[in-house]
Amino acid sequence: MDLERRRQYLEAIGIDLWVARGAPPLTAATAVCATPATAGAASAPATATLATATQSTATQSTATQAAAPVGAASVVRPPDTSVESAALWETLRAEVRTCTRCPLHSTRTQGVLGVGPQRSDWLVIGEAPGAEEDRRGEPFVGAAGQLLDAMLRAIGLDRKTNVYIANVLKSRPPNNRDPKPEEVAACLPYLVRQIALLEPRIMLAVGRIAAQNLLGTDTPLGRLRGRVHYFGERSTPLVVTYHPAYLLRTPADKRKAWEDLKFARSVYQQLTEGSHGHRS
Ligand code: SF4
């Protein structure tokens, strides 16, 4: 992605870039975010765990070291056109749409499975559908969704081509309250099936609820950022950042979210370079 377009995307997110007069041309590695970072991360006790989740043990790296070279953020994988895959997706979609495994089914409009190519290297996971998502049947379509799209575009990702977006919970909790442990426990098997079909190379957990539930921890979000965690039986690398709804309320932390995105991109690029950009 050229730097001018990246600058435009970052401006859309609300992050201003500046360079000193007489400085060399701007590169991704030298870009400086002028937005001050003052607010802390949200934190609260975890609500549930996933038996197959693996706690973070991996290579540690700081987000600020991770300004990777500008380049394609993701390999676009060919769709799995097999009849078997199509049938599994349709079964999953139908089950979620009509699911009654937990009490949330009685207050939602519809279960919301996710959006994006059905084989994606990137999987973004949020908390649960909000009011607009519940109505339209697609995750992240309100103001927070627009910010998420802008954030993803800044690293070359687009829900139409190379990133799948889903939530931990498939049904909206009333008044957007935090999910209850039993609701998360009832719903997580759907996400596990989704991940088995998608086979993502990297996961980006947005927000405290998603991160803590996926990792089975009550560690504050601020301490989960800036390092690689691993999720599930496939040990998929997982990076944590802020939820866009939080960033709308706390724009001072957009700079930190941008560092997280650069870090995630660098992790992905290392993964693909290690396998020459291809997967079996
Ligand atoms: S939140 Fe999940 S488990 Fe609960 S009704 Fe919705 S789809 Fe089913």
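Just so you know, ligand 1 is whichever comes first in the structure, and atom 1 is the first atom listed for that ligand. The basis for the numbers below is simple: all heavy atoms, side chains too, and nothing from hydrogens, waters or symmetry mates.
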Exercise. What are the two closest non-hydrogen atoms of Pro200 and Thr236, and how far apart are they?
Worked result: O-CG2, 3.6 Å
Exercise. Numbering the atoms of ligand 1 from 1, which are under 4.0 Å from a heavy atom of Cys99?
Worked result: 3 (S), 5 (S), 7 (S), 8 (Fe)
Seminar exercise, completed: Under 4.0 Å from one or more heavy atoms of Cys187, ligand 1 contributes atoms 1 (S), 2 (Fe), 3 (S), 7 (S)
For this session: For atom 5 (S) of ligand 1, state which one of Lys170, Arg172, Glu182, Arg108 supplies the nearest heavy atom.
Result: Arg108
For this session: Answer yes or no: is there an ion pair linking Arg225 with Glu259, defined by an N-O contact shorter than 4.0 Å?
Result: no
Exercise. Who's the nearest protein heavy-atom neighbour of atom 4 (Fe) of ligand 1, and how far?
Worked result: Cys102 SG, 2.3 Å
Problem set entry | Under 3.5 Å side-chain donor-acceptor pair for Lys170 and Gln110 | no
Exercise. Relative to Tyr164, does Arg119 satisfy both conditions: NZ or CZ under 6.0 angstrom from the six-membered ring centre, and within 45 degrees of the ring's axis?
Worked result: no
Problem set entry | Residue pair Asp260 / Tyr242, side-chain donor-acceptor N/O under 3.5 Å | no
Problem set entry | Glu95 touching ligand 1 at heavy-atom level, < 4.0 angstrom | no
Problem set entry | Closest protein heavy atom to atom 6 (Fe) of ligand 1, given as residue, atom name and distance to 0.1 Å | Ser171 OG, 2.2 Å
